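The structure under discussion appears below in the form of structure tokens.
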Amino acid sequence: MGCRVRDGVALVTGASRGIGRAAAVRLAADGWPVAVNYRSDAEGAKETVALIESSGGQAVLACGDVSNADGIEETFAAAEAVAPVLVLVNNAGVRRDTLAAMMKRDEWDDVIRTNLDGAFFTSKRALKRMISARWGRIVNVTSVIGLRGNAGQTNYGAAKAGLVGLTKSLALEVAKRGITVNAIAPGLVKTALTEGLGNFDDLAKTMPIGRIVEAEEIAAAIAFFASEDAAAITGQVLCVDGGMTA
Ligand code: NAP
């Protein structure tokens, strides 16, 4: 019952590397055909597809910028060529950190449009088919920075906190339709996004568990929310953060 696969595809946005790649690989291992979305890193996305196929899974490239309507349509056209999207992982994200007093309009807009607008309009696009199927799973990748502050990340924090609110209200709208909407809040994971944040050996020492969280550990939590076992869990935020928010 844990990972019964429906007649659908799992779409993971931003799956060309990092947490998105780990989620795509994990969902494929659970039996889902996976649509690997990316915006520009075609090589990385092809590597994700190759990783899945080499383990006997099924994957398709789904290029598209989730921060705009055309990009979302492009992404769904590729994914729906396989099957309706019944699992959606809103993972694509960017950060453009700077102090609020110095923040340029485009630094604010870019982060909100990708991390928050992207998740909303991608979810909206997926809902019709999920409602017809009377089954769906939406997993939003927020951040511990959506739950607590971080100087230099007002744009990112606002987008990630917005995702928490989106998760809870959307969960209530679709709860009776067999669709769950949940969020994962990762702590610190070593990826391209966190490059330059500091020395990871030093950062590991500040973590309650004494190490950095692995992308595969975020992926495991995403796969749980996507499973049948999580059918009664909706509107929740699960921190996979090594104890950062304990
Ligand atoms: P990453 O390695 O930089 O990967 C980001 C992914 O998002 C890439 O595949 C990138 O593809 C894609 N992407 C960016 N903008 C996009 C757009 N407009 N449309 C489609 N795809 C887009 O980052 P990550 O660390 O794995 O982060 C994944 C998610 O986890 C993000 O939402 C991030 O905020 C969240 N998170 C990460 C951490 C952490 O410590 N790493 C902590 C908390 C939350 P292209 O390069 O092709 O654009």
Side-chain angles (χ1 to χ4, degrees), residues 11-26 34-49 61-76 78-79 88-97 106 109-122 125 139-148 150 153 155-164 166-167 183-198 200 203-204 206-207 211-219 221-222 237-242 244-245:
L11 167 61
V12 182
T13 68
S16 57
R17 57 174 185 267
I19 292 169
R21 171 182 285 173
V25 167
R26 174 59 195 257
V34 176
V36 173
N37 164 261
Y38 66 101
R39 178 183 47 181
S40 55
D41 184 4
E43 282 315 303
K46 283 180 195 159
E47 257 176 60
T48 305
V49 169
L61 289 171
C63 179
D65 180 343
V66 299
S67 69
N68 71 62
D70 289 348
I72 292 173
E73 272 317 309
E74 216 185 313
T75 300
F76 274 79
L88 170 64
V89 182
N90 285 312
N91 165 80
V94 293
R95 68 179 180 94
R96 293 186 66 182
D97 303 351
D106 73 294
D109 287 343
D110 187 24
V111 171
I112 299 292
R113 284 192 189 130
T114 304
N115 298 29
L116 182 58
D117 296 1
F120 174 73
F121 288 104
T122 305
R125 177 63 178 75
V139 185
N140 295 318
V141 182
T142 177
S143 167
V144 292
I145 307 307
L147 305 172
R148 66 180 213 193
N150 197 26
Q153 292 199 309
N155 49 359
Y156 187 81
K160 293 304 193 183
L163 263 183
V164 172
L166 185 166
T167 298
I184 303 288
L188 191 59
V189 183
K190 194 173 177 188
T191 65
L193 188 83
T194 50
E195 241 170 46
L197 279 188
F200 272 80
L203 290 169
T206 70
M207 301 285 287
R211 65 172 177 83
I212 300 296
V213 176
E214 300 292 335
E216 289 70 22
E217 294 173 303
I218 309 295
I222 291 172
V237 182
L238 178 61
C239 293
V240 185
D241 64 356
M244 279 173 84
T245 52

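Predicted model only: the values in this text are computed from it and were never measured. When reading the values below, keep in mind they use all heavy atoms of this one structure, side chains included, and skip hydrogens, waters and symmetry mates. Counting starts at 1 for both ligands and their atoms, in listed order. Starting from 1, each residue takes its place in the sequence as its number.
- Residue Thr122 is tested with Asn140, Val89, Val66 for a side-chain contact (heavy atoms from CB on, under 4.5 Å); the sole match is Val66.
- Nearest to atom 40 (O) of ligand 1 among the protein's heavy atoms is Val189 N, 2.7 Å.
- Within the 4.5 Å cutoff, the side chain of Glu74 has no heavy atoms near those of the Ile72 side chain.
- Heavy-atom contacts of Val141 reach the following atoms of ligand 1: 29 (C), 30 (O), 32 (O), 35 (C) (cutoff under 4.0 Å).
- In terms of protein heavy-atom proximity, atom 27 (O) of ligand 1 is nearest to Leu193 CD2, 4.0 Å.
- In this structure, the side-chain hydrogen bond (donor to acceptor under 3.5 Å, both in side chains) partners of Glu217, at least two apart in sequence or on a different chain, are Arg211.
- Note: an N/O pair closer than 3.5 Å links Lys160 and ligand 1 by distance alone.
- Between Glu73 and Arg125 a salt bridge is recorded (basic side-chain N to carboxylate O distance below 4.0 Å).
- Here Glu214 pairs with nothing under the salt bridge (Lys or Arg N to Asp or Glu O under 4.0 Å) rule; sequence neighbours left out.
- At least one side-chain heavy atom of Tyr38 sits less than 4.5 Å from a side-chain heavy atom of Leu61.
- Between Thr167 and Thr142 the shortest side-chain heavy-atom distance does not fall below 4.5 Å.
- Annotation: atom 22 (C) of ligand 1 to nearest protein heavy atom, Ala92 CB, 3.6 Å.
- Exactly one of Val144, Asp241, Leu197 qualifies for a side-chain contact (heavy atoms from CB on, under 4.5 Å) with Leu188. That residue is Leu197.
- Every atom of ligand 1 with a heavy atom of Asp65 under 4.0 Å away is listed here by number and element: 17 (C), 18 (N), 19 (N).
- The shortest heavy-atom distance from Thr142 to ligand 1 is under 4.0 Å.
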List the steps and the verdict of side chain to side chain contact (heavy atoms under 4.5 Å, CB included) for Val25 and Glu216. CA-CA 9 Å; Val25 167; Glu216 289 70 22; over 6 Å; no
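- Nearest to atom 11 (O) of ligand 1 among the protein's heavy atoms is Ser16 OG, 3.3 Å.
- Taking CE from Met244 and CZ from Arg148, the interatomic distance works out to 4.5 Å, rounded to the nearest 0.5 Å.
- When only interatomic distances are considered, the shortest N/O to N/O separation between Asn115 and ligand 1 does not fall below 3.5 Å.
- Within 6.0 Å of CZ in Arg113 there are 12 or fewer heavy atoms belonging to other residues, nucleotides or ligands.
- Inter-residue side-chain proximity for Val141 and Pro186 is flagged as met; some heavy-atom pair is nearer than 4.5 Å.
- The option with the heavy atom closest to atom 29 (C) of ligand 1, from among Ile19, Asn91, Ile184, Ile72, is Asn91.
- Of all the heavy atoms of Thr114, the ones lying under 4.0 Å from any atom of ligand 1 belong exclusively to the side chain.
- Looking only at side-chain heavy atoms (C-beta outward), Thr48 and Arg21 come within less than 4.5 Å of each other.
- For atom 19 (N) of ligand 1, the closest heavy atom belonging to the protein is Val66 N, 3.0 Å.
- Numbered from 1 in the order shown, with element, the atoms of ligand 1 that lie under 4.0 Å from a heavy atom of Leu188 read 40 (O).
- Residue contact check: Gly64 has heavy atoms under 4.0 Å from atoms 19 (N), 20 (C) of ligand 1.
- Ligand 1 has no nitrogen or oxygen under 3.5 angstrom from a nitrogen or oxygen of Gly20.
- The side-chain heavy atoms of Thr75 and Leu11, taken from C-beta on, include a pair separated by under 4.5 Å.
- For ligand 1, the atoms lying closer than 4.0 Å to a non-hydrogen atom of Ser40 are 45 (P), 46 (O), 47 (O), 48 (O).
- Between Pro186 and ligand 1, a contact under 3.5 Å exists for no N or O pair.
- Heavy-atom proximity to Thr194, at under 4.0 Å, picks out these atoms of ligand 1: 39 (C), 40 (O), 41 (N).
- When Cys239, Ala192, Gly187, Ala15 are checked for heavy-atom proximity to atom 42 (C) of ligand 1, Gly187 turns out nearest.
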For side chain to side chain contact (heavy atoms under 4.5 Å, CB included), just list the numbers for Asp41 and Arg17, CA-CA rounded to whole Å, side-chain angles, deciding distance to a tenth of an Å, and then say yes or no. CA-CA 9 Å; Asp41 184 4; Arg17 57 174 185 267; 3.3 Å; yes
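- Evaluated by nearest non-hydrogen atom to atom 5 (C) of ligand 1, the leading choice among Gly146, Gly93, Cys63 is Gly93.
- Atoms of ligand 1 lying under 4.0 Å from any heavy atom of Gly18, numbered from 1 in the order shown and given with element: 2 (O), 26 (O).
- Contacts between Arg95 and ligand 1 below 4.0 angstrom, taking non-hydrogen atoms only, are absent altogether.
- The option with the heavy atom closest to atom 46 (O) of ligand 1, from among Lys190, Arg21, Arg17, is Arg17.
- Nearest to atom 34 (O) of ligand 1 among the protein's heavy atoms is Tyr156 OH, 2.5 Å.
- Contacts with ligand 1 closer than 4.0 Å are made by side-chain heavy atoms of Asn37 only, the backbone lying farther away.
- The Val94 neighbourhood of ligand 1 comprises atoms 14 (C), 15 (N), with distances under 4.0 Å to a heavy atom of that residue.
- Within the 4.5 Å cutoff, side-chain heavy atoms of Ile112 are placed close to those of Asp117.
- In this structure, atom 12 (C) of ligand 1 lies nearest to the protein heavy atom Gly14 CA, 3.4 Å.
- Between Val94 and Arg39, the closest side-chain pair of non-hydrogen atoms falls below 4.5 Å.
- With hydrogens left out, the protein atom closest to atom 24 (P) of ligand 1 is Thr191 OG1, 3.6 Å, a heavy atom.
- Looking at Ala185 against ligand 1, nothing comes within 4.0 Å, counting heavy atoms.
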